[in-house]
Amino acid sequence: MRRWVKISVAAAVVLGMGGYVTQPYVQEWALIRNACGGGLPQDTVKQLTPEDSLLESAESRTMEGLGTYTCEVTLAGGEADGHRFVRVTAYTRRDDQDREFMSVFRENGFNRQSPLPEALPGFVDAYGDVRVVVPCPGLTADSDGRKRKLLVNVHLGESTLTGVPGAAHRMAVALTGMASDELGCGAEPLKAPEREVPLPDPSDDPEKVPLAEAAGTPCEWVTEVGLPADEGWRVSVEANSASPSGRCDLSSAEDSEDTQEPSRLVSAFWYGDWSNRLTADENHGVPRSMTATAQCQGEAANYALSGTESIPGVDAAAEQRMLKLFAQDEVRRRNCTGLRFHF
C-alpha cells in the first residue's frame, strides 16, 4: 500500500481475559469508552443492547488517504451471542459514495425509504440502514471542484433493539460525529431529535394519510394536485427537508369489491451528481420523460414522477402538472436554480 495512505487499526476483545477485567460489566464499560473512537453513547448502548447480552468486542479501521472509516461492535451472551451490535462505515471520496448510493437506488431509483425525524440529513434505506450525509468544511474540494461531503452508513444488527424510541437515531448522530472527527471532515455536530420514535422497519407498510394532512411536509405539493375526491387518495411521506433523497408515495383507496390494485403515483428527488444516472435513458444517456433537473449547491438535483397506467381522472397533462408542482416546490425549498423539465 502506498505510503501516503495512513492506516490505523484499533481492536478491543475483552471477554475471556483473566484477572480483574474478567468482570463482564467492567469490561463492557471499558469497551464502550474506547470503541469506535469513543463515539458510543453509554446510555444509548444500554437501551439498544438485548437482554442477557453485553458488548464483547470492537474493531475500527481508519484509512485517511482513502477517506474511509469502519467500526464494528459485536455482542456476547444470551440469544444474541456472536451477533453484530452495530457497524458504521463512512466515506469522503465521491467514488465510494457513488457506489454506496448505487447499491441503494437501483434502476430508476424509486426504491422504498423512510425519513429521519426532525430534518436529520439522511434517510433509512430499504434494508433498514441509516444513511447520513453532511458537508465537510475541514476538507478541500475534490478534483472537480465540488465541496466534499461525508456519507455515513449505520447498520444496526438484527438483535439490536432498534424499536426503543429515539435510541437508534441517537446512535446514528453520535457515530456520524465520530466518523467526521476520524476523517477530518469537520462537520457541524448534529443534534439528536427531540421527538423520540423507533427506527422504521422496512417490512412494515408506511403510514398513509389523507392528502390534506401532507401540508407542512416535503410532500405538501400533493394538496394542490386536484386528484379525484371519490378515489380516496392518500400519501406516504417518505422524505424530510434535508435528506439527499425522498419520496411521496400516493395511492388510491382499496375497494374490497374491486379486483384491481389501487392506482399509484410516486414522486422522488435525489440531490448530488451521483443521481444523474437515475433519470438518464440507459440506451441513449438523455433524460427520461417525466423527469426534471436543477442545480443545488453546485451539484445536480434530479426529480421524477411515475405512476400506474390508466389512472381514473389522471391524464398525461395532469401528470405533467404534478411533476411541475413537485419539482418547483423542491427547488423553492432548497434554493436551487436552473430547473428544466423533460416530458
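Along the sequence shown, residues are numbered consecutively beginning with 1.
In this pair, Tyr271 and Phe269 present their aromatic rings tilted. The plane angle is within the 30 to 60° band. Classification of the Phe101-Phe123 ring pair by plane angle, with boundaries at 30° and 60°, yields parallel.
Closest approach of Ala168 and Leu199 over heavy atoms only: CB-CB, 3.9 Å. The nearest pair of heavy atoms linking Ala242 to Ala119 is CB-O, 3.3 Å. Of all the heavy atoms in Lys147 and Arg94, the pair that sits closest is O-NH2, 2.7 Å. The nearest pair of heavy atoms linking Gly39 to Pro41 is O-CD, 3.2 Å. The two residues Leu139 and Gly184 make their nearest non-hydrogen contact at CD2-O, 3.4 Å. Closest of all the heavy-atom pairs between Pro137 and Gly186 is CG-O, 3.1 Å.
Interatomic distance, His155 NE2 to Thr160 OG1, rounded to the nearest 0.5 Å: 7.5 Å. For the atom pair Leu305 CG and Lys324 NZ, the distance stands at 13.0 Å (nearest 0.5 Å). Here the straight-line distance linking atom CE of Met171 with atom OG1 of Thr44 works out to 6.0 Å at 0.5 Å rounding. To the nearest 0.5 angstrom, Cys248 atom SG is 7.5 Å from Glu330 atom CD. Rounded to the nearest 0.5 angstrom, Met178 CE and Leu183 CG are separated by 8.5 Å. Here CD of Gln297 is found 7.5 Å from SG of Cys336. Values are rounded to the nearest 0.5 Å.
Not a single donor-acceptor pair under 3.5 Å links the side chain of Thr68 to the backbone N or O of Met63. Under the 3.5 Å distance criterion, the side-chain polar atoms of Asn240 are matched with a main-chain donor or acceptor of Leu120. Glu72 places no side-chain N or O within 3.5 Å of a backbone atom of Arg87 that could act as its donor or acceptor partner. One N or O on the side chain of Thr223 and one on the backbone of Glu220 form a donor-acceptor pair closer than 3.5 Å. Between the Thr279 side chain and the Thr291 main chain, no donor and acceptor come within less than 3.5 Å of each other. The main-chain N or O of Phe110 is found under 3.5 Å from a side-chain atom of Arg247 such that the two form a donor-acceptor pair. Of the possible donor and acceptor atoms, one in the side chain of Glu299 sits under 3.5 Å from a partner among the backbone N and O of Asp273. Under the 3.5 Å distance criterion, the side-chain polar atoms of Thr176 are matched with a main-chain donor or acceptor of Ala172. Of the possible polar contacts, none joining the Ser243 side chain to the Ala239 backbone as a donor-acceptor pair under 3.5 Å is found. Within the 3.5 Å criterion, the main-chain N or O of Arg84 finds no donor-acceptor partner in the side chain of Thr74.
With sequence neighbours excluded, the residues that form a side chain to side chain donor-acceptor pair (under 3.5 Å) with Asn276 are Asn302. In this structure, Arg234 has no side chain to side chain donor-acceptor pair (under 3.5 Å) partners at least two apart in sequence or on a different chain. Partners of Gln97 according to the side chain to side chain donor-acceptor pair (under 3.5 Å) rule, which considers only residues two or more places apart in sequence or in another chain, do not exist here. Take Glu231 and apply the side chain to side chain contact (heavy atoms under 4.5 Å, CB included) test, not counting sequence neighbours, and it matches Pro228, Trp233, Ser252, Pro312. Residues forming a side chain to side chain donor-acceptor pair (under 3.5 Å) with Gln328 (at least two apart in sequence, or on another chain): none.
Sequence neighbours left out, the pairs with a member in residues 118-135 that pass salt bridge (charged side-chain N to carboxylate O under 4.0 Å, His left out) are Glu100-Arg131, Asp125-Arg131.
Put simply, the side chain of Val314 reaches to within 4.5 Å of the side chain of Leu227, judged on heavy atoms. With a 4.5 Å cut-off on side-chain heavy atoms, Asn111 and Val104 do not count as touching. Side-chain contact between Leu151 and Asp96 is absent, with no heavy-atom pair separated by less than 4.5 Å. Ser53 is not listed as a side-chain neighbour of Asp81, based on a closest heavy-atom distance of 4.5 Å or more. Put simply, the side chain of Lys208 does not reach to within 4.5 Å of the side chain of Leu250, judged on heavy atoms. For the pair Pro206 and Arg112, the minimum side-chain heavy-atom distance is below 4.5 Å. Put simply, the side chain of Arg148 reaches to within 4.5 Å of the side chain of Thr140, judged on heavy atoms. Side-chain contact between Cys36 and Val73 is present, with heavy atoms from C-beta onward closer than 4.5 Å.
In the displayed structure, Arg99 atom CZ is contacted under 6.0 Å by more than 12 heavy atoms of other residues, nucleotides or ligands. Within 6.0 Å of atom CD in Glu196, more than 12 heavy atoms from other residues, nucleotides or ligands are found, so the atom counts as buried in its surroundings. In this structure, Glu207 places its CD atom where only 12 or fewer heavy-atom neighbours from other residues, nucleotides or ligands lie under 6.0 Å away. Under a cut-off of 6.0 angstrom, the local environment of CG in Asp205 is sparse, with at most 12 non-hydrogen atoms contributed by other residues, nucleotides or ligands.
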Mind running side chain to side chain contact (heavy atoms under 4.5 Å, CB included) on Glu188 and Val134 for me, showing each step along the way? CA-CA 8 Å; Glu188 289 290 327; Val134 292; over 6 Å; no

Test side chain to side chain contact (heavy atoms under 4.5 Å, CB included) on Val132 and Leu190; report intermediate values, then the result. CA-CA 10 Å; Val132 179; Leu190 297 176; 3.9 Å; yes

List the steps and the verdict of side chain to side chain contact (heavy atoms under 4.5 Å, CB included) for Phe85 and Leu55. CA-CA 8 Å; Phe85 176 69; Leu55 301 194; 3.8 Å; yes

Report the C-alpha separation of Leu265 and Met322 in whole Å, then their side-chain angles, then the decisive distance to 0.1 Å, and conclude whether the side chain to side chain contact (heavy atoms under 4.5 Å, CB included) test is met. CA-CA 10 Å; Leu265 288 161; Met322 292 180 202; 3.6 Å; yes

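No path of Ile, Leu, Val, Met, Phe, Trp and Tyr side chains, each step under 4.5 Å between heavy atoms, connects Leu175 with Leu161, placing them in separate hydrophobic clusters. Follow the hydrophobic side-chain contacts under 4.5 Å out from Phe341 and you reach Met290 in the same cluster. Cluster annotation: Trp270 is not connected to Tyr127 through the hydrophobic network of ILVMFWY side chains, with a link wherever side-chain heavy atoms come within less than 4.5 Å. Under the 4.5 Å side-chain contact rule for hydrophobic residues, Val88 and Tyr91 do not share a cluster. Hydrophobic clustering of Ile, Leu, Val, Met, Phe, Trp and Tyr side chains at less than 4.5 Å, counting indirect connections, unites Leu156 with Tyr69.
Contact check on Asp142 versus Arg146 returns a salt bridge, with a Lys/Arg side-chain nitrogen under 4.0 Å from an Asp/Glu carboxylate oxygen. One finds a salt bridge joining Asp329 and Arg333 here, because a Lys/Arg side-chain nitrogen approaches an Asp/Glu carboxylate oxygen to under 4.0 Å. Salt-bridge check for Asp43 with Lys46: failed, with every basic side-chain N at 4.0 Å or more from each acidic carboxylate O.
Ser245 and Gln113 are linked by a side-chain donor-acceptor pair at a separation below 3.5 angstrom, with hydrogens and angles left out of the test.
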